[in-house]
Peer 1: 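Input: one structure, supplied below.
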Amino acid sequence: MMRGLYLSFAFLTTSLGSRQGEPTAPLATRGSGILRSSVRSVAGQRGPQRVRRQDSVGLKNHNDGTLYTIDLSIGTPGQPVTVIIDTGSSDLWVNPVCETSGQPSFCSSFPQFDYTSSSTLQDTGAADILSYGKGNVTLEYVTDLVAIGSAQIKDQVFGVGVESYDIPVGILGLSPPTSDAQTQYSFVLDSLVSQGLIESRAFSLDLRNVDDPNGSVIFGGIDTGKFIGSLEKCPILDPTETPSGADRYWITMTGVGITLPDGESQTSDAIEVPVFLDSGGTLSRLPTAIYQAIGDSFPGAQLDQSSGFYYVDCGVGKQAGSVDFIFNNKKIAVPYADFIWEVDEGQCVVGVLPTDDEPVLGDSFLRAAYVVYDQDNRNLHLAQAANCGSNLVEISSGTNAVPSVTGDCTGGAEQASATKTFDATRTRAPTNVGSSKVAGATDVGPGPAETRVSVTGGLGTAKPTVDKTTGGATPTASPSATKNAAAPGTSLCADAFGVAGVIYVVAMVM
Ligand SMILES: *[C@@H]1O[C@H](CO)[C@@H](O)[C@H](O)[C@H]1NC(C)=O
Ligand SMILES: *[C@@H]1O[C@H](CO)[C@@H](O)[C@H](O)[C@H]1NC(C)=O
């Protein structure tokens, strides 16, 4: 009982006429293999939350989680489509079902892709179900033109939602294929390279601080006007070295600290905690001892046992403190303003929750970091984000594709010396228990756990192997088949000119 694409979509007549919230044209520039596109921060009414066992269920309030989105143009003629930019998953898909999105009016404020109006769209006959931290989508894979600014990707495979829950905007996944089953087609980053639009599978993501809606993603390039100092090179951990066993942007965090409003700085002893960078998650999740140490360090913080949130006065965001994350030689200081989250009118929480399985640095960290994601060489490069103009530098190909450039900006909290030890190792019994104001709020956006199940029944079962009789393109294998595993003992970050780099070289010689 095969149901074709068009039949499946019969009930999906959506609000294409809606003008409210329609995105402005993406600011994208293209030239010499660099493709820059603006990333907008969008306040959601309430997003898909990752519900974990330790969180109680049922969110009363419509929380303002921030989604980071990019505008694409899909089809012929091109239609504007807004999607969440997600470093925690790999597929591109559009058209969430707004009625079951958890926030129908917010969802329908974005134009949906009308597949019937595109003359270049081809059905592949393949379908799948993708599950995120919270929310899932049943989609059918099609191919069509996908444009990022003036760069046009031909025959890009992507999903069109047929049934979806708890996700208000489609998703552009930029992670490596998270399982072997996924390597069967060319994701957007792969296609940008295979179609000659950029040189290697690398991009920079600059989300900006919470008051700045003007972040950007640069495919194949770096903007030295957007960070301070050197870029610290952190090897992406081999899947076997990670808690999830999945190939995502996992790196090793070597310390945490805080800088108090009065300037006192504390840094933990050396630790080695694998963390995964997820632009699709509003919050960060860290091992319990670190979560408690950070939460307790906030002025006036009150722990709400039922939700796990540390509540703080929203005025804390105006104070000068920071939460500091250390990656070997590099300290990324996240100002209080970027690390707290206003969950409801006048109610703020510290942007971290505990996890005992998969530590994540979400948007509450990424707002303060400039990160270059180099999939081909399996490294992330991190620096303290700033904004002092714009100077685009191309990422070429080969092992030194990401150039050893230094940010043009000055200032920031780089390498302030700690005066005290930050004890982030001891878990203690919670003492300060606040009132239970918000139950179960977690974070917004697609979670790290994009998983797949086979679709049985009428929608077709295969992964997107395109039915050639429809004239669609045959998706090519992802180049990731050739990825290198990180050598043992080289999982720590290293400044290009730093001591760790020397140790690494010595270790290689021996
Ligand atoms: C998708 O999410 C809905 C709502 O939470 C749930 O009822 C359904 O079982 C999920 N489907 C899959 C395939 O996980
Ligand atoms: C964001 O960009 C717009 C348009 O260029 C500009 O008017 C606005 O000032 C920018 N916002 C910030 C916070 O820089």
Side-chain angles (χ1 to χ4, degrees), residues 3 8 12 22-29 36-43 46-53 55-59 66 68-71 89 91 93 95-104 107 126-141 149 159 161-171 178-179 181 206-218 223 225-227 317-318 335 337-338 363 367-368 370 385-390 392 408-409 440 442-461 463:
R3 257 197 305 162
S8 309
L12 267 187
E22 189 162 309
T24 50
L27 169 70
T29 50
R36 188 170 82 89
S37 186
S38 53
V39 171
R40 284 177 309 138
S41 59
V42 182
R46 176 192 166 193
Q49 311 116 37
R50 262 173 248 159
V51 173
R52 299 288 172 104
R53 269 194 308 282
D55 302 323
S56 48
V57 190
L59 178 70
T66 302
Y68 290 91
T69 64
I70 174 177
D71 294 335
S89 62
D91 289 86
W93 67 270
N95 291 13
V97 178
C98 289
E99 299 86 87
T100 51
S101 68
Q103 34 186 318
C107 175
D128 209 342
I129 297 177
L130 309 182
S131 296
Y132 295 86
K134 171 144 189 219
N136 60 62
V137 57
T138 301
L139 46 79
E140 297 208 2
Y141 286 99
V162 176
E163 188 178 342
S164 70
Y165 297 92
D166 298 315
I167 300 173
V169 184
I171 294 172
T178 50
S179 72
D206 166 30
L207 295 184
R208 300 287 175 82
N209 64 55
V210 74
D211 298 321
D212 188 339
N214 302 334
S216 71
V217 56
I218 304 171
D223 189 343
K226 296 295 184 283
F227 61 94
K318 297 194 174 69
D338 288 329
D363 299 333
R367 277 195 278 272
Y370 190 85
N387 186 6
C388 60
S390 184
L392 297 184
D408 301 332
C409 307
T442 57
D443 43 348
V444 177
E450 186 199 51
T451 55
R452 296 160 163 260
V453 300
S454 298
V455 182
T456 52
L459 289 172
T461 53
K463 291 287 191 283

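Just so you know, ligand 1 is whichever comes first in the structure, and atom 1 is the first atom listed for that ligand. Hydrogens, waters and symmetry mates play no part in the numbers below; they use all other heavy atoms, side chains included.
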Peer 1: State the atoms of ligand 2, each with its element, that fall below the 4.0 Å cut-off from a heavy-atom position in Asn214.
Peer 2: 1 (C), 2 (O), 3 (C), 8 (C), 10 (C), 11 (N), 12 (C), 14 (O)
Peer 1: Applying salt bridge (charged side-chain N to carboxylate O under 4.0 Å, His left out), name anything that partners Asp212, two or more places apart in sequence or on another chain.
Peer 2: Arg208
Peer 1: Any protein heavy atom at under 4.0 Å, with atom 13 (C) of ligand 2 as the reference point?
Peer 2: yes
Peer 1: Does Tyr370 have any ring-ring contact (aromatic ring centres under 6.0 Å, His included) partners at least two apart in sequence or in another chain, and if so, which?
Peer 2: Phe227
Peer 1: Mind listing the closest non-hydrogen atom pair of Cys107 and Pro168 along with its distance?
Peer 2: SG-O, 3.3 Å
Peer 1: Counting from 1, what ligand 1 atoms have a heavy atom of Asn136 closer than 4.0 Å?
Peer 2: 1 (C), 2 (O), 3 (C), 8 (C), 10 (C), 11 (N), 12 (C), 14 (O)
Peer 1: Indicate yes or no for a side-chain donor-acceptor contact from Ser164 to the backbone of Val97 under 3.5 Å, with no hydrogens or angles considered.
Peer 2: yes
Peer 1: Please check atom 5 (O) of ligand 2 for a protein heavy-atom neighbour under 4.0 Å.
Peer 2: no
Peer 1: Between Lys226 and Asp408, is there a donor-acceptor pair closer than 3.5 Å when you use the side chain of the first and the backbone of the second?
Peer 2: no
Peer 1: Could you tell me whether atom 9 (O) of ligand 2 has a protein heavy atom closer than 4.0 Å?
Peer 2: no
